[in-house]
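A short worksheet on the structure shown next.
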Number of protein chains: 2
Amino acid sequence: MPVVTITDVASRVGVSVATISRFLSGGNVREEKKIRSVIQELNYRPNIAARNLKSGRSATVAIIVPDISNPFFAALVRGAEKASGDSLMAAIVNTDSNSEREINALANLYGRVDGAIFVPTKESDHKNGLSHFGRPIVFVDRYLQKEKKYDTVLADNARGAELAVEHFASEGHTKIAIISGPLDSTPGRQREEGFRKALDNSKIGANPNYVIVSDFTQAGGYAAMNQLLDLAEPPTAVFSSNNLMTYGALNALKDRGVRVPSDISFIGFDDFELSTLISPKITVINRDAEAQGAEAMRALMWRLENMDSKISKHSVIPVNLIKRESVTIPRTWDLQNSHKVKERQSQTSDHSNNKEKVNE
Amino acid sequence: MPVVTITDVASRVGVSVATISRFLSGGNVREEKKIRSVIQELNYRPNIAARNLKSGRSATVAIIVPDISNPFFAALVRGAEKASGDSLMAAIVNTDSNSEREINALANLYGRVDGAIFVPTKESDHKNGLSHFGRPIVFVDRYLQKEKKYDTVLADNARGAELAVEHFASEGHTKIAIISGPLDSTPGRQREEGFRKALDNSKIGANPNYVIVSDFTQAGGYAAMNQLLDLAEPPTAVFSSNNLMTYGALNALKDRGVRVPSDISFIGFDDFELSTLISPKITVINRDAEAQGAEAMRALMWRLENMDSKISKHSVIPVNLIKRESVTIPRTWDLQNSHKVKERQSQTSDHSNNKEKVNE
DNA sequence: TTGTAGGCGTTATCAA
DNA sequence: TTGATAACGCCTACAA
């Protein structure tokens, strides 16, 4: 595999390397046609490393996410990649939600990428490490509370939680619970805050027993839902703060034979592929994950062209409620209207997957 | 942001750059302690591009997949990344199952990566392009029929399809259909072949009407299932050749009110996150996607250390059948045994409490 | 429009 | 053990 360089092309064409280089960067040259054919013939490709060395750029950006197999992050990455076009290469790095791996990744990436799209696991880490990175970073879905100078692309997390609570309330629920993500992560904290705020606004108020702080994992959602069901007075409505916990929570519900929505109403944050295939179809707070990724990439690309700009940009991705079938009037309300209970029971009696019901 | 180079460190310590370089690569130097502290003090980091230029290596490999938001590929990437450790950076490239983008990606990657893990969309493309790449490529899940020299890591696709057919047959099905992937993709072709072979072996034989060649997408699976249901004599059992088509097929079934498994039995290739949350739980052919990715990365890393080895390595990832609830005795068979129909009907009114069984 | 030559930061060779 | 120096392949003043 003989390595063919710009020099080979030049000597073959009979011009200097400068001419070839000029041609390569779109300048005007006389022998354009011949150069083109020789490049073809020799199958010349510019050496990127050499180009990088000169330019001080790598034309590569990193996308650092906690877990690529989480559908949300997969969609995010996809959107970011699409937005980058062919001008930039994206190196995806998985951190497994591990702060240590995050720090290593950053160190490892130094000098190899022009910038990064970064979804940190916690808000608290990276107090100093980031300045060493010395390159633009766009924070997505999370940010560092102390650092205002970085560009961010966040979802309207608080609003999402509010929408969920408002929807529950409008159906008559007052025993509303949240399976929250970690409070030291931006979405975890903001969604929990939005949840509380909406509850306060609606005069219902938050019941501490109905706030379970979990960890954004499926196992965490499973445990949290069981914890709620074990309460002497379980909630009639549950808001799950992300998709993986939704999976877990729904599994817990299924395992315990608790029916949705007749026994418990449910809303999850972030839509997921099979949300319409399961019974009942799950009502969710949704946002456009691909759009969020694309926006982040655009922000980063803009920043790369405007490194000296002092203004930081903060985008907010809107959320919306997708009403499906997992929310209905609360069970307690039914009990006060016994004629309706019978009606409902005879309807659901052929659903067949009922086991023991949760006592209230 | 002053860029500090090896020269700065050298002059500060009072030695030559050669000494610093030697230190950096683990050689013995007298001023080791002082060098270490100066590097710390100046916050020196080697310039990767320069190092690459010299060494001709980038310590980066590409992972080229059709769609990162497909759970299978997400898991594959995850596995590959884990296996790479910190020694290699992985650049993930999405091709959107687009051959043109694939070719561009390869061209774009030239010189920036030391090698690639490649999941091509079709078997037929890249007849020549690959040699231009000039770097080791490990083919995963797909390969090029004409090219035996590349390492491959494939799943035991044919066996998977056979397992599905055998399971259907053992329950008494004879009207067995396949929603196949494209026949110019390795898994599409191999699974279709395994399907036919198993049907031949079991003396049932393949019915051309029961072979729908689709495209591995959700929409494709949806259309294909509808096509099967529109037949004068629909199949009693359907095998879907990948997860996305399974989603689509199940949606079609749901939309048309066809019950699984009482009306139709179903097996999908590749397990998916929510396979146990939907009713009925879906029986699938499974393989370890992360293990497959890890194996591919190991193969690539081995190859990078053994560039001159002429032997190509071909690994096969085993598959297994996970029995859940989507397969039962065929409906037609029931009809010929009317006394059993009633029995079955009362049974299925109480479905969904079976436990999951994994054979092997 | 073209060519010459210096330099990007690092590593490797070869003397010392 | 060390240091001077020549690459690595490309780009870009600057001069022609």
Side-chain angles (χ1 to χ4, degrees), chain A residues 1-36 38-39 42-60 87 89 107-114 132 134-135, chain B residues 1-36 38-39 42-60 89 107-114 132-135:
Chain A
M1 191 73 51
V3 173
V4 22
T5 75
I6 201 172
T7 314
D8 301 321
V9 178
S11 70
R12 183 76 187 248
V13 175
V15 294
S16 75
V17 293
T19 303
I20 306 299
S21 175
R22 214 170 292 120
F23 165 83
L24 254 22
S25 46
N28 283 337
V29 291
R30 198 190 311 283
E31 297 282 26
E32 180 171 332
K33 225 168 60 188
K34 186 164 183 190
I35 293 176
R36 212 182 286 280
V38 169
I39 285 180
L42 264 40
N43 191 36
Y44 164 78
R45 312 269 186 173
N47 178 313
I48 311 284
R51 191 173 273 176
N52 290 350
L53 180 58
K54 269 306 277 185
S55 66
R57 288 196 161 212
S58 65
T60 303
S87 58
M89 186 167 92
N108 227 293
L109 254 20
Y110 175 88
R112 337 179 67 158
V113 297
D114 296 340
H132 293 353
R135 285 275 161 196
Chain B
M1 193 71 54
V3 173
V4 22
T5 73
I6 200 173
T7 314
D8 300 322
V9 178
S11 71
R12 183 76 188 248
V13 175
V15 295
S16 76
V17 294
T19 303
I20 306 299
S21 176
R22 213 171 294 121
F23 165 81
L24 253 23
S25 45
N28 282 337
V29 290
R30 197 188 314 282
E31 298 282 27
E32 181 170 332
K33 226 168 59 188
K34 186 165 184 190
I35 292 176
R36 212 182 286 281
V38 168
I39 284 180
L42 264 39
N43 192 34
Y44 163 78
R45 312 271 187 172
N47 178 312
I48 311 284
R51 191 173 274 177
N52 291 348
L53 179 57
K54 268 307 278 188
S55 66
R57 287 195 159 214
S58 65
T60 303
M89 186 167 92
N108 227 295
L109 254 19
Y110 174 87
R112 337 179 66 161
V113 298
D114 296 340
H132 294 353
F133 191 66
R135 285 273 160 199

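Order of the sequence lines sets the chain letters (A, B, ...), proteins ahead of strands, with each chain counted from 1.
Proximity of B:Asn47 to the phosphate of C:dT10: no side-chain N or O atom is located under 4.0 Å from OP1 or OP2. In this structure, A:Thr19 reaches the C:dG3 phosphate: one of its side-chain N or O atoms is under 4.0 Å from OP1 or OP2. Contact between the side-chain N/O atoms of A:Thr5 and the OP1/OP2 oxygens of D:dG9 is not found at any separation under 4.0 Å. Proximity of B:Arg22 to the phosphate of C:dT11: no side-chain N or O atom is located under 4.0 Å from OP1 or OP2. Residue A:Arg30 places at least one side-chain N or O closer than 4.0 Å to OP1 or OP2 of C:dT2.
When distances are taken from the side chain of A:Asn28 to each of D:dC10, C:dT1, C:dT11, the shortest belongs to C:dT1. Taking every side-chain heavy atom of A:Val17 into account, D:dC11 is the closest of D:dG9, D:dC11, D:dC10. Listed nucleotides D:dG9, C:dT10, C:dT4 differ in distance to A:Ser16; the shortest reach to its side chain belongs to C:dT4. When the nucleotides C:dT11, C:dT4, D:dG3 are ranked by their closest atom to the side chain of B:Ala18, D:dG3 comes out on top.
Of all heavy-atom pairs between A:Glu31 and A:Val13, the closest is CB-CG1, 4.3 Å. The two atoms that bring A:Ser58 and A:Val113 nearest to each other are OG-CA, 3.3 Å, heavy atoms only. Between A:Tyr44 and A:Val4, the shortest heavy-atom distance links the atoms CD1-O, 3.4 Å.
What separates CG of B:Asp8 from C1' of C:dT10 is a distance of 13 Å, to the nearest Å. In this structure, the CG atom of A:Leu53 is 13 Å from the P atom of D:dT12, given to the nearest Å. Rounded to whole Å, atom P of D:dG9 lies 10 Å from atom OH of B:Tyr110. In this structure, the CZ atom of A:Arg112 is 14 Å from the P atom of C:dT10, given to the nearest Å. Rounded to an integer number of Å, the gap from B:Ile6 CD1 to C:dA12 C1' is 12 Å. When the P atom of C:dG9 is taken as reference, atom CZ of B:Arg51 falls 14 Å away, rounded to whole Å. Atom CD in B:Glu32 sits about 13 Å away from atom C1' in D:dT1, given to the nearest Å. In this entry the distance linking NZ of B:Lys34 with C1' of D:dT2 reads 16 Å, nearest Å.
Contact annotation for B:Phe23: no contact, since no heavy-atom pair falls under 4.0 Å across all strands.
The base of C:dT10 does not come close enough to the side chain of B:Lys54 for any donor and acceptor atom to sit less than 3.5 Å apart.
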Trace of the side-chain contact (heavy atoms from CB on, under 4.5 Å) decision for B:Val3 with B:Asn47:
CA-CA 10 Å; B:Val3 173; B:Asn47 178 312; 6.0 Å; no

side-chain contact (heavy atoms from CB on, under 4.5 Å) between B:Thr19 and B:Arg22, worked out:
CA-CA 5 Å; B:Thr19 303; B:Arg22 213 171 294 121; 4.0 Å; yes

Test side-chain contact (heavy atoms from CB on, under 4.5 Å) on A:Phe23 and A:Val15 and set out the steps.
CA-CA 11 Å; A:Phe23 165 83; A:Val15 294; over 6 Å; no

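The residue among A:Leu24 and B:Val15 whose nearest nucleotide of DNA chain D is located toward the 5' end is B:Val15. Both B:Glu31 and A:Thr7 sit near DNA chain D, but only B:Glu31 has its closest nucleotide nearer the 5' end.
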